[in-house]
Each structure stands twice: as structure tokens, then as C-alpha cells.
Number of protein chains: 4
Amino acid sequence: MSPKIVDKTEKKRTILQAAMKVFARKGFAKAKMNDIALEAGIGKGTIYEYFRSKDQIFINAFHFFIGDMEAEFNKILARDMNPKEKLVAIIKATFDSFFSAGDFGGILMDFWAEGIRNHQQEAMEDVFNLKEVYRKYRQIIMDILEEGIRCGMFREIDTQTTASLLFGCLDGIMLQYILDPAFVDMNAASRTLADIFTTSLTKHKSR
Amino acid sequence: MSPKIVDKTEKKRTILQAAMKVFARKGFAKAKMNDIALEAGIGKGTIYEYFRSKDQIFINAFHFFIGDMEAEFNKILARDMNPKEKLVAIIKATFDSFFSAGDFGGILMDFWAEGIRNHQQEAMEDVFNLKEVYRKYRQIIMDILEEGIRCGMFREIDTQTTASLLFGCLDGIMLQYILDPAFVDMNAASRTLADIFTTSLTKHKSR
Amino acid sequence: MSPKIVDKTEKKRTILQAAMKVFARKGFAKAKMNDIALEAGIGKGTIYEYFRSKDQIFINAFHFFIGDMEAEFNKILARDMNPKEKLVAIIKATFDSFFSAGDFGGILMDFWAEGIRNHQQEAMEDVFNLKEVYRKYRQIIMDILEEGIRCGMFREIDTQTTASLLFGCLDGIMLQYILDPAFVDMNAASRTLADIFTTSLTKHKSR
Amino acid sequence: MSPKIVDKTEKKRTILQAAMKVFARKGFAKAKMNDIALEAGIGKGTIYEYFRSKDQIFINAFHFFIGDMEAEFNKILARDMNPKEKLVAIIKATFDSFFSAGDFGGILMDFWAEGIRNHQQEAMEDVFNLKEVYRKYRQIIMDILEEGIRCGMFREIDTQTTASLLFGCLDGIMLQYILDPAFVDMNAASRTLADIFTTSLTKHKSR
DNA sequence: GATGAATGAGGATTCATTCAT
DNA sequence: GATGAATGAATCCTCATTCAT
């Protein structure tokens, strides 16, 4: 009765990962559906059994990419750590998440580029809202900063701006790594970034 | 002598600025030559009198965009300031440069996205080498940092990584501004960024 | 003996009727094999157990549609009626046959459209010869007209052309009904058509 | 200043006529844009300078085809003739119009087929309303019939149904001609059709 | 110099058909 | 026998680029 049994979810992920590789390699615009099919080792037409369009693949890739990071952050927030430790953990988690994405790092650029254009235009607002994602992550950092100020661990700073800067710094350093891996030591970057922000934020009793 | 006097350079810039507006609005891939022609108020074919191809326009736009910043930085370096002041000036100049680009902010994403892809591929290496541009700017910051350490103003830090982080932070915060201008106060960002880095780098005598 | 007894003929008809519904609804070109499978409540692949191709389904549908009408006409010809009565009976039978086709009326257009193209091309000539079908039906009408002339009931007319016109009129009125059912009263049409032709053909003794 | 001067309207017609030829030969669905381009002796892309899509070509072809007939009919109605003469003139004009369409006769089938489907669906209602076209032409015939009855030239008949039948007969006979030109003498058909209807409709004084 | 009409290579998408289960 | 996942040929349409005027 039931013919060929296929794990749709499994195959969908296979295609998605193939697509992400190709996007990372060529960028969204230059990535051909055929490239994705070849990378996935399937026929061109098969992709359309799992995704309605090239755009849909992109959006799915975005959510796939974001998903992990979100889970990771929530785990950190739930842990029993002081604000400074949380901040360091968030920084470390972001770097880890970036590396677990493996080849797909370059795809970040397309997420950004597409996200920026979308926010200026009308459609897709709901499915591909990079602005919201950023707000959410900034809020997480802001919460930690405010907690630190409340408990007297951090000095009084503009939490919103500082959160933006920290988050921006994470983005920016990854960008440089993607662009020029030989020049950026990511371990050092993780440590130094944590160092700079915690040093600067820490309230010195004696002063 | 010449029947029609046209300032080639002037018109080239007109086209370039039109192109940058369109790129910023739609992204490189979705920007049509016709859009650029319309924006520039000229005929489609005329563009080809000034640029060999769409790619060439992009590369020219890139250099146009970079050019100002480079000049600005050199001016700062030549000025008679201490390292801390220079750092603050560089940060300020970067923000200013970004705003002077006006509408064109969004184009940064395409520069980045294209630049990243190009560095992984072969062609264009010479004409569109984003990697080199970044190395150059990082070097400028590194030089300031090292000068600061030498003269005992900054503590001993990993200058290369710190330069990367500072420069990354500048990129990252602009990205967020482009994406969500209502959320990011650029003046505060400029001040806070300078504050965080100088505070953190400053060598405290008593310790 | 056989593990599963399936009435091949029965299922073939099921598929055929499903196909006819879909053809009527969407036209041959826009009808998808999947639509037919869904309408028939079977799997897409199953259709190919009964028909070699989409074209074959169409041809079979055509013959299925024609089959009834042919039987009906032969019955009329065999009956003991005068030519005028036979003509009226043929007209009535055609209308009835059209309505018995139910939803499938619209499919006539595709039969016509396809038939016309096929006759101008080479292939299918044998399996799908609309020209022959028309010739046959015209001949039936011609025979009745000639019989009427022979027995002095009809005046001397161009039987071939008159047969074409009568048959054309039947086609044409159905077309209008399909297009705009609210505007065409098919009962009135049947009566009026019979009236016009018999009135016009009848030989008036006194003149 | 002004480059290549092209009569857009003229070229549009050229493409339209090429398209009509191809539609007539292959049917709408099987006609490729490339076929039309080849027939028109231009490049594939050029078509899109004049028509937005294949559908638009079809709709334009429809209006082009209808246009002439409408003008012709209005001329007849304006002439000083009695109803019987008008009827004959309308019949003749329809046949003439059909032949002036030359090769394009076969395209009628696609108009019909498409028109029928459209009336069952939603879109295009306004641009491609075959129902309205038929209503208009039936009305023209009805008006003539009613005028004939009023002036005592025609007997009292169901004008709406008779108009449908006459118009249907015109369609139907053309269909047969397209299908099997060797079998249908269009001159005879024109004459016989006029004969049958006028004979049948004429009020005989002595009765 | 300027133009925009013409072009055709290129790519997303559709869908009849196949075939492993 | 029945199925539907997989396939790729086929096709519409886009758009950078050319070139006659």
C-alpha cells in the first residue's frame, strides 16, 4: 500500500544544508537551483517537493541558522551565574554557534543583506524579520547589563547602546573572520572582547 | 573645437551616485541597469559610455565610498594628538563618514557580501579587494594602539585582536543602524564606544 | 486464485470520468495528471496502469463521449418514422446526449480545439479523427434529407450544405449554452431549431 | 538625440499577426514564445517589449479579431435596408470576416475554448469577456428580427432563441470548415443559411 | 555623445512520466 | 496492483549588453 518511505524532515534538512553551502559559496543571487540539487545529490525538480521556491529555501535557512543560537542563549540565561559570567558565556556561545555553522559562515552576509532590504520594503515582514531577531538578542544583553548595574557589579552605563555595541562587535568580528581567517584569531577575539567589556563595565570600588 | 563639452568625470559621478542609491535600495543583484539610468535621468545605453559593465559600476562605487574615509584617516594620523585622542577621532570620523554617505548606507551590505564571496573566489582579486582594505584600516588602529602602549598610556593588550574588535564594532553598529535606525542612537554609540575602549585600555597607575 | 480482483474496465471508466471532469473544468493543457488522480481518488501513478499517457486519456475520453451519441442515432434511424419526424428526433437526441454528458459539456471545446489542430498535423490521425466523426454525422442527416426529398416531403435543397448547417447549428447552440447558460433556453432551442428547419424544408403543395 | 525610430503600433501588429498564425497552427498552449518570435522574424526578448506576457498576446489577438467584425456589423445596421436584407447582409459579413482572418480561422477554437474556461473562473472577466461579445452579437440579430416582426415581414417567433440559433449556426459552420474545408462549400453555406432562415421566418400572406 | 529598441543567454519553475517499494 | 517520491526536459520570462540612428 504505502510505497517508498522517505523521511521528509530528514531530506528537507539535507536540501537545506546543501543550499546553505551553495549560498555561502556563491551568494543567494548567484546560487542556481541546479547547484543546490547537485550539492544535495538529487534532481532539480526534487527540491520543489520540499520547498515552494528559492526564496522559501532562503527563509528556511535563516530560521535553521537562528534556531540553535536562540536555544543556546536561553540555556545560558537559565543558568545560575552572575551578570559578568553570563556576559562572558553569551560571547563564548555566539562564537561557538558561529563555528558550529561550519561552512555556512558566509551565509551570514546574505542574511544581513537580505534582511536589510526586506526591512525597507514591505513583504516577508513576518517570515523574515531580521530586525526582530536583533531586537531580541540586544534585549538579552541589555537584561544582563541591567541586572549587573542593579547588583552593583557594573557601573551606570547606557545599557541599550552598550548592548548594541557588544552585539555589533560580535557581528563585526565574524565578518572579518569570514573575510580574512588568517588574520583573526577567534579564540583571542573571544577572550579579548570579554576582557574589554567586563573591564570597562566593572565598577571599581576604590576610585 | 569640441562640439559638445561634457565633463566626463562629472557625469561619471552622477551615474555612480545614482547607482549607489539604487544598490542601497534594492541590492546589487536586483538593481537593474534601467533603474540606474532612470535614477540618473539618462538613457540606459549612456551608462555604457562611462562604465564597461554592471560589475564595474559596483567596483567604482566601492572605491568611491572608500576613498573619502581613507583621506579622512590620514588627516587624523597627521594631526598632533595623543593616541587616546587619535582613537576617539578615528571613531568619530568613521561615524561621520558613514553619515556623509547618506542613503548609501545600505550599500555597505553589498560591499561586504560581494567582498566576502570574491575573496573566496578567484576573479576581481585586484580590483575589489575588501580584505586589503580591512587590513589597512586595522593596521591604522593597531599603529595607534602600539603607540599608546609604547608611551605608557595603554596597558599591554593584543593589539591585532583589539584593532579587529574595534573595527568590527564600528561595522556592527552601523549594520544595526541600517537595519533599525529607531533603536540605535548613533551619537550615543560613538561616545559610548570611545568610552568603553579608552576606559578599558587605559593603564591605571595604581594597581 | 487472483489475490485482488479489480474490475479493470470499471476502474478505467472511473479514471476517464474524473479526467473528463477535470478537462471540462480546466481544459486539456491546464489539467494536471495529479488533478485527475485526486478527482478519481487514486494515486498519480495508478493512472499509468490504465492509460499510457495524458494524450491517451484524452482520446479515450473522446471516444467515450462519442460512443453514446452514435448508438442513439442508429436507434432513431432504425425506427419507423417519416423523414421529418426523424429529423426532429435527431435534434432532440443531440440535445439529450449533450445534457447526459452533464458537467462534461465544456470538454467539447477541447475536443474541437484539439481535433482541429490534429487534422492539420500528422499524428493521431487514426485514433482521434474528428473529421471522420463529423462526416459520419453529417451523412446521417444527409440521408434523412435525401429520403425526404425522394418521398416529396422536402423541397429540393443542397442536402450536403443543409446537413452541415443543421449540424453546425447544434454545435453552435451548445457552445452558447456552455458559455452563457442563463441566456439560452435549451428546450426552446430544440423546438425552434426543429421548427425552423422543418418549416423551411417542407414542400408547400400550393404555391 | 532621438535614436532608432520605430512605429510601435506597426510592430505590435506584426507580432500580433505572427502570434495569431502560430496560435492557429499549434493552439495557444503548444505555441512557444520562440515560435512567435521566429514567425515574426524577431528575437524572443523583443516580444516582451510589446506585450507583457503570452496571455496578453492572446487577449490582444482576441480584441484584434473581434474589432473588425464589430465595425462591419455597425455599418450594416446603419444602412437603409429592410430586415430581411439586413439579416442576409449580417450572414454574408460574418462569412467575409471569417475569410479575411485568413490563416487565423483556427484561432477561433482557442478563443472559444479559453473564453469558456474564463467564464467559469474568476480572473480576466473584464479583458476577455466572450460572454459579453456573444450577447452583443445576439442582440444585433434580435433587433433585426424584432424590427421584422414589427413591420409584418417576419412571423411571430422567439427572437432570442432564433438569434442564438442563427449565430450558433454561423459558428458551427465555420468550425466545420476549419475542420474539413473540402467538405464545406462556404458560398453555398452562406446562401443556404440565408435561404433557410428567411424562408422560415417570412410571413406568408395567404395562410 | 546619447539613446532605447533589439537581443538571447540564463534561470526559476512546472509537470508528465518512471520506478522502487 | 498501487503508490507517490524523484526526475529533468521543456518553457516563460528577465535583463545585461549591443548597436543603428
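Throughout, protein chains are lettered first and strands after them, A, B, ... in sequence-line order, and every chain is numbered starting at 1.
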Report yes if the side chains of K8(B) and K12(B) come closer than 4.5 Å at any heavy-atom pair, otherwise no.
no
From CD1 of I15(C) across to C1' of dA2(F) the rounded distance in Å is 11 Å
Go nucleotide by nucleotide along DNA chain E from the 5' end; which of R52(C) and N34(A) gets its closest nucleotide reached first?
N34(A)
Using atom NZ of K8(C) as one end and atom C1' of dG1(F) as the other, report the distance to the nearest whole Å.
8 Å
Stems formed with participation of DNA chain F [Watson-Crick or G-U wobble, under 3.5 Å, three or more pairs]:
E:2-21 with F:2-21
For I66(A), give me all partners under side-chain contact (heavy atoms from CB on, under 4.5 Å), at least two apart in sequence or on another chain.
F62(A), E70(A), V133(A), Y137(A)
Please list, chain by chain and in numerical order, all residues satisfying ring pair (Phe, Tyr, Trp, His ring centres under 6.0 Å) with F58(C), sequence neighbours excluded.
F23(C), F28(C), F111(C), F128(C)
Distance in angstrom units between M33(C) CE and dC15(E) C1', rounded:
10 Å
Assign A29(C) to base, sugar-phosphate, or nothing according to its heavy-atom contacts below 4.0 angstrom with the strands shown.
nothing
Would you sort out whether I57(A) and M33(A) count as a side chain to side chain contact (heavy atoms under 4.5 Å, CB included), showing the intermediate values?
CA-CA 10 Å; I57(A) 298 179; M33(A) 292 305 271; 3.8 Å; yes
Partner set under ring pair (Phe, Tyr, Trp, His ring centres under 6.0 Å) for F51(B), not counting sequence neighbours:
none
Counting only non-hydrogen atoms, which of residues 36-47 of chain D are less than 4.0 Å from DNA chain E?
I42(D), G43(D), K44(D), G45(D), T46(D)
So, is K30(D) close to the dA10(F) phosphate, meaning a side-chain N or O under 4.0 Å from OP1 or OP2?
no
Is a side-chain N or O of K54(A) found less than 3.5 angstrom from the main chain of A31(A), in a donor-acceptor match?
yes
Atom pair distance, as rounded to whole Å: NZ in K54(C) and P in dC15(E)
8 Å
Taking all heavy atoms of A29(B) and all of A29(A), pick out the closest pair and write down the distance.
CB-CB, 3.4 Å
Send over the distance from K32(A) NZ to dT14(F) P, rounded to a whole Å.
17 Å
Without decimals, in angstroms, what is the distance between Y48(C) OH and dC15(E) P?
13 Å
Nucleotide dT17(E), atom C1' - distance to CD of E49(C) in whole Å:
13 Å
Report yes or no: does K11(A) contribute a side-chain atom to a donor-acceptor pair with the main-chain N or O of T9(A) at less than 3.5 Å?
no
note: I57(B), atom CD1; dC15(F), atom C1'; distance rounded to Å ~ 13 Å
Listed once per pair and sorted, the side-chain hydrogen bond (donor to acceptor under 3.5 Å, both in side chains) pairs that draw on residues 33-44 of chain B, sequence neighbours left out
R25(B)-E39(B), K26(B)-D35(B)
